[in-house]
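What follows is a short report on a single structure.
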Number of protein chains: 2
Amino acid sequence: MPTKTYHIGVEATMEIIGGKWKSIILCHLRHHTMRTGELARAIPQISQKMLTQQLRELEAANIVSRHVYKQVPPRVDYSLTDYGKSLSGILHELCLWGEDNIDRRQAAGEDISLMSRDDVI
Amino acid sequence: MPTKTYHIGVEATMEIIGGKWKSIILCHLRHHTMRTGELARAIPQISQKMLTQQLRELEAANIVSRHVYKQVPPRVDYSLTDYGKSLSGILHELCLWGEDNIDRRQAAGEDISLMSRDDVI
DNA sequence: ACAAGAAGTCACTTTAAAGTGCGCTACCCA
DNA sequence: TGGGTAGCGCACTTTAAAGTGACTTCTTGT
């Protein structure tokens, strides 16, 4: 494979936390280890397939780790790795900025809303 | 339009700085006002169409402002709005984290490289 | 006369991301 | 004996994002 070239750091970051779901998943995992089903409930719009797919990709990037308990029905949980925790501050700021952005847009009359603001626990 | 609903702040943030190009453009504009052609040269892989399209979207979100000088050939430049500047810290951290990520992956033997590290000026 | 230069639009086409639906496992409980 | 449960894989289909190439405008330099 020909060397993959980045031109600026943020490119690499976005490759990892970009996309529709990854940053959302990570924001939830910031607070505590979560089981698959817990994550699915926390992110109601995501499909089962997207959830596992995104988690696999985050695992491959060494951002989350996956613990499988050998039992039936299966029990699997996910948490941030130490390296993943190095994203925690950024994720928090992304959440806060977004909350502020929503406030502003609401104040400007846009018809939008934010369901839960329990990001900060 | 039916009320648009976010479930977590980061969702809104990503809608604005997500995608392949927006965060890269913003990282460049963090340092100084730039002309269209300057941006195009700073981001060699982007097409003319993508560049203007993304800039229009950022303008609509009140993150960048566009100044048109009434002359021919046209001269247009872009800069962060005051509100856009509130993203500056986050963008910087995203760049730094990405640079570190690239370093780690190189150290781990991945065949990747980072061309310019002149994000911080 | 005529090419070049700067920014941008238009009409498509391509590609990658996301979504859907179904099936499997193995155990517990009524 | 068969329904519920938790997590996952697979095979597609859909949709949105990104890419391409041609065409405009008016002025300056050759």
Side-chain angles (χ1 to χ4, degrees), chain A residues 1 4-8 10-26 28-29 33-61 64-79, chain B residues 1 4-8 10-26 28-29 33-61 64-79:
Chain A
M1 320 292 122
K4 162 139 206 184
T5 301
Y6 296 96
H7 296 259
I8 191 171
V10 71
E11 236 180 311
T13 307
M14 282 300 159
E15 215 170 84
I16 291 175
I17 68 166
K20 190 167 175 181
W21 301 114
K22 298 223 182 76
S23 57
I24 299 178
I25 292 172
L26 292 175
H28 285 288
L29 288 180
T33 293
M34 289 174 89
R35 300 188 52 174
T36 314
E38 250 182 306
L39 275 169
R41 262 171 274 117
I43 312 173
Q45 332 89 306
I46 202 173
S47 68
Q48 173 68 51
K49 177 205 156 189
M50 276 298 121
L51 181 56
T52 31
Q53 181 182 303
Q54 304 297 303
L55 283 165
R56 285 304 124 82
E57 291 176 21
L58 290 168
E59 201 191 354
V64 312
S65 62
R66 176 168 187 262
H67 305 269
V68 184
Y69 299 79
K70 214 179 167 308
Q71 62 183 53
V72 168
R75 175 193 179 94
V76 179
D77 62 35
Y78 297 92
S79 54
Chain B
M1 333 278 130
K4 162 137 209 187
T5 301
Y6 296 97
H7 297 260
I8 191 171
V10 72
E11 235 180 311
T13 308
M14 282 301 161
E15 216 169 84
I16 291 176
I17 67 165
K20 190 168 176 181
W21 302 113
K22 297 221 181 78
S23 57
I24 299 178
I25 292 172
L26 292 174
H28 285 288
L29 288 180
T33 293
M34 288 176 90
R35 300 189 52 174
T36 313
E38 250 182 305
L39 275 168
R41 262 170 274 119
I43 312 173
Q45 333 89 309
I46 203 173
S47 67
Q48 170 72 48
K49 178 205 156 188
M50 277 297 121
L51 181 56
T52 34
Q53 181 181 304
Q54 304 296 305
L55 284 165
R56 285 302 125 81
E57 291 175 21
L58 290 168
E59 199 190 356
V64 311
S65 61
R66 177 168 186 262
H67 305 268
V68 185
Y69 299 78
K70 213 178 169 307
Q71 63 184 53
V72 168
R75 176 194 179 93
V76 178
D77 63 33
Y78 298 90
S79 53

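Computed from a predicted model, the values in this text were never measured in an experiment. Throughout, a chain's letter reflects where its sequence line sits, starting with A, and its residues are numbered from 1.
Heavy atoms of B:Gln48 sit under 4.0 angstrom from at least one base atom. No engagement by A:Tyr69 is indicated, since no non-hydrogen atom pair under 4.0 Å with the nucleic acid exists. Among the heavy atoms of the strands lying under 4.0 Å from A:Thr36 are primed sugar atoms or P, OP1, OP2 only; no base atom is included.
In this structure, A:Gln54 atom CD and D:dG9 atom P are separated by 13 Å, rounded to whole Å. Distance B:Lys70 NZ to D:dT27 P: 10 Å, rounded to the nearest Å. The distance between atom NZ of A:Lys49 and atom C1' of C:dT20, rounded to the nearest whole Å, is 9 Å. When rounded to the nearest whole Å, the span between CD of A:Gln71 and P of C:dC27 equals 12 Å. Going from atom CE of A:Met50 over to atom P of D:dC10 covers 14 Å, rounded to whole Å. Straight-line distance from the CZ atom of A:Arg41 to the C1' atom of D:dA6: 10 Å, rounded to whole Å. To the nearest angstrom, P of C:dA18 lies 13 Å from CG of A:Leu51. If you take CD of B:Gln53 and P of C:dG8, they are 13 Å apart, rounded to a whole angstrom.
Side-chain polar atoms of B:Tyr78 and B:Glu59 form no donor-acceptor pair below 3.5 angstrom.
Between A:Leu29 and A:Met34 the shortest side-chain heavy-atom distance falls below 4.5 Å. With contacts defined as side-chain heavy-atom distances shorter than 4.5 Å, the pair B:Lys22/A:Met14 does not qualify.
Within the 4.0 Å cut-off from OP1 or OP2 of D:dC8, at least one side-chain nitrogen or oxygen of A:Arg56 is found.
Both A:Gln45 and B:Glu38 lie close to DNA chain C; mapped to their nearest nucleotides by heavy-atom distance, the more 5′-ward contact belongs to B:Glu38.
Closest to the A:Thr52 side chain, of the nucleotides D:dG19, D:dC8, D:dG7, is D:dC8.
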